[in-house]
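Report on the following structure.
Note that these values count all heavy atoms, side chains included, but never hydrogens, waters or copies made by symmetry.
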Amino acid sequence: MKANLYLVQNLMIFMEECFLSLPSHQDYYTLNPFYIKEDIRMEALKKEIYKIFPDMEYIPYDNCSKYEFDTIYMSSYMPIQHQKTVESMNYNKIVLVEDGLFDYVNNSNTYDFYKGKELYVFRPGLCSKEAGKSNVHLLELKKDVVNIFEDLYRKELDSFKNYPVNTPILFTTPLSEDFGADAEISEKILDLLSAKYGINTLIVKKHPRDHFDYVKKNFNIIECPQ
């Protein structure tokens, strides 16, 4: 049986892919070069994956076409130049794991690559019409994968217990990259939270492509692990 390949863009998304099938010792992973462009982030992510699956082998993205795969598990859409690389690989099937398929309703070209392939999503009812032309399945959380994630971040999760249960959590989006907004927008969001709700303690879960430095003198900001 051929090995599987996990095309990882961040640890959270990698764990979503693991909801389908826990990687075995003969499986490989590589990092999505469209999302992970900094060497520091790449090395940090490789270390975290090694903590969970020490026997899983990393292969550079550019070398993936030299291997044979039973299934390629991947997340989100791929720019055309990266799609061509994936198409050149020797694989039986591609499984797209995505929780935001409705985000790409106006980008039908995104799904030309996935038509007829398997899509696993958390909210299949919200899929765009283009995504619906594929084989869409409901993605369900598996307890063994959630346990792995909790064990990996036990120290960080325990530290959150020191804060009141109603401490707000800000899940960010890459405003600059996705919407052309400048850093001033993120600054105004923090000002709004402080002025409107009187918040002075905030937990920030940054989007993997959000590079804004959430630092403010009148805020106690705690960042979740990337």
Side-chain angles (χ1 to χ4, degrees), residues 1-79 81-100 113-114 117-122 135 137-158 205-210 223-226:
M1 179 179 177
K2 296 178 184 177
N4 298 319
L5 174 69
Y6 291 81
L7 181 57
V8 184
Q9 69 188 53
N10 66 60
L11 191 64
M12 181 71 79
I13 299 297
F14 174 53
M15 298 306 287
E16 290 177 1
E17 292 164 355
C18 292
F19 291 149
L20 294 178
S21 175
L22 280 174
S24 65
H25 294 336
Q26 76 262 20
D27 289 339
Y28 298 90
Y29 76 93
T30 190
L31 303 180
N32 188 333
F34 177 65
Y35 287 97
I36 308 170
K37 300 175 182 178
E38 305 92 348
D39 290 339
I40 294 177
R41 279 191 60 208
M42 183 172 289
E43 291 306 312
L45 184 53
K46 285 162 66 174
K47 286 180 181 178
E48 291 189 278
I49 293 176
Y50 178 75
K51 290 179 187 175
I52 317 174
F53 302 109
D55 296 322
M56 243 186 121
E57 187 174 341
Y58 165 77
I59 54 175
Y61 179 77
D62 293 337
N63 292 347
C64 289
S65 58
K66 301 175 184 177
Y67 292 75
E68 294 185 2
F69 305 108
D70 181 49
T71 303
I72 298 178
Y73 294 99
M74 57 196 301
S75 305
S76 194
Y77 71 95
M78 294 284 285
Q81 65 268 34
H82 293 310
Q83 288 180 13
K84 292 178 179 177
T85 303
V86 175
E87 286 175 327
S88 70
M89 297 179 193
N90 188 350
Y91 59 88
N92 286 336
K93 65 178 179 179
I94 291 179
V95 171
L96 175 68
V97 182
E98 176 62 87
D99 64 354
F113 181 60
Y114 297 118
K117 297 181 173 65
E118 292 183 67
L119 307 185
Y120 284 80
V121 296
F122 286 110
N135 190 8
H137 308 273
L138 174 65
L139 184 60
E140 298 184 77
L141 301 182
K142 293 182 179 178
K143 189 168 180 59
D144 50 355
V145 181
V146 175
N147 288 343
I148 291 174
F149 199 85
E150 288 179 343
D151 289 343
L152 180 67
Y153 286 125
R154 177 58 52 200
K155 181 179 177 182
E156 288 84 354
L157 291 172
D158 285 344
K205 173 62 182 77
K206 292 175 71 171
H207 188 284
R209 288 183 284 114
D210 178 14
E223 281 198 26
C224 292
Q226 266 300 78

Looking at every non-hydrogen atom in both residues, tell me the closest pair between [X] and [Y] and how far apart they are.
{"X": "Asn10", "Y": "Val8", "result": "O-CG1, 3.5 Å"}
{"X": "Gln9", "Y": "Arg41", "result": "O-NH2, 4.1 Å"}
{"X": "Phe149", "Y": "Met15", "result": "CD1-CG, 3.2 Å"}
{"X": "Ser21", "Y": "Lys142", "result": "N-NZ, 4.5 Å"}
{"X": "Glu118", "Y": "Tyr120", "result": "OE1-OH, 3.1 Å"}
{"X": "Met56", "Y": "Ser24", "result": "CG-O, 4.1 Å"}

Establish, yes or no, whether a centroid distance under 6.0 Å links the rings of Phe14 and Tyr6.
->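 Yes, the ring centres sit under 6.0 Å apart.
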Spacing of [X] atom [atom1] and [Y] atom [atom2] [to the nearest 0.5 Å]:
{"X": "Leu5", "Y": "Ile72", "atom1": "CG", "atom2": "CD1", "answer": "5.5 Å"}
{"X": "Leu152", "Y": "Ile49", "atom1": "CG", "atom2": "CD1", "answer": "10.0 Å"}
{"X": "Met12", "Y": "Lys205", "atom1": "CE", "atom2": "NZ", "answer": "5.5 Å"}
{"X": "Tyr61", "Y": "Asn32", "atom1": "OH", "atom2": "CG", "answer": "6.5 Å"}
{"X": "Thr71", "Y": "Asn4", "atom1": "OG1", "atom2": "CG", "answer": "4.5 Å"}

Heavy atoms, side chains only, cut-off 4.5 Å: are [X] and [Y] in contact?
{"X": "Val97", "Y": "Leu20", "answer": "yes"}
{"X": "Cys18", "Y": "Ile148", "answer": "no"}
{"X": "Arg154", "Y": "Glu150", "answer": "yes"}
{"X": "Phe19", "Y": "Val146", "answer": "yes"}
{"X": "Leu7", "Y": "Thr30", "answer": "yes"}

Check ring pair (Phe, Tyr, Trp, His ring centres under 6.0 Å) between Tyr29 and all other residues, then give those that pass, not counting sequence neighbours.
->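 Result, ring pair (Phe, Tyr, Trp, His ring centres under 6.0 Å) vs Tyr29: Tyr58.
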Side-chain donor-acceptor pair present, Glu48, Tyr50, cut-off under 3.5 Å |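 No, Tyr50 and Glu48 have no side-chain donor paired with an acceptor closer than 3.5 Å.
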Quick one: do the Ser75 and Glu16 side chains pair a donor with an acceptor below 3.5 Å?
->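 There is no such pair between these side chains.
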Parallel, tilted or perpendicular: ring planes of Tyr67 versus Phe69, cut at 30 and 60 degrees =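 Because their plane-to-plane angle is under 30°, the rings of Tyr67 and Phe69 count as parallel.
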Under the salt bridge (charged side-chain N to carboxylate O under 4.0 Å, His left out) test, residues paired with Lys46 that sit two or more places apart =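 Glu43.
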Partners meeting salt bridge (charged side-chain N to carboxylate O under 4.0 Å, His left out) with Glu140 (sequence neighbours left out) =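 None.
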Any donor-acceptor pair under 3.5 Å from Ser65 side chain to Ser88 backbone =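 Looks like no, no N/O pair under 3.5 Å.
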Polar side-chain atom of Asn63 near backbone of Pro60 as donor-acceptor pair, under 3.5 Å |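 No; judged by distance alone, with no hydrogens or angles, the pair does not exist.
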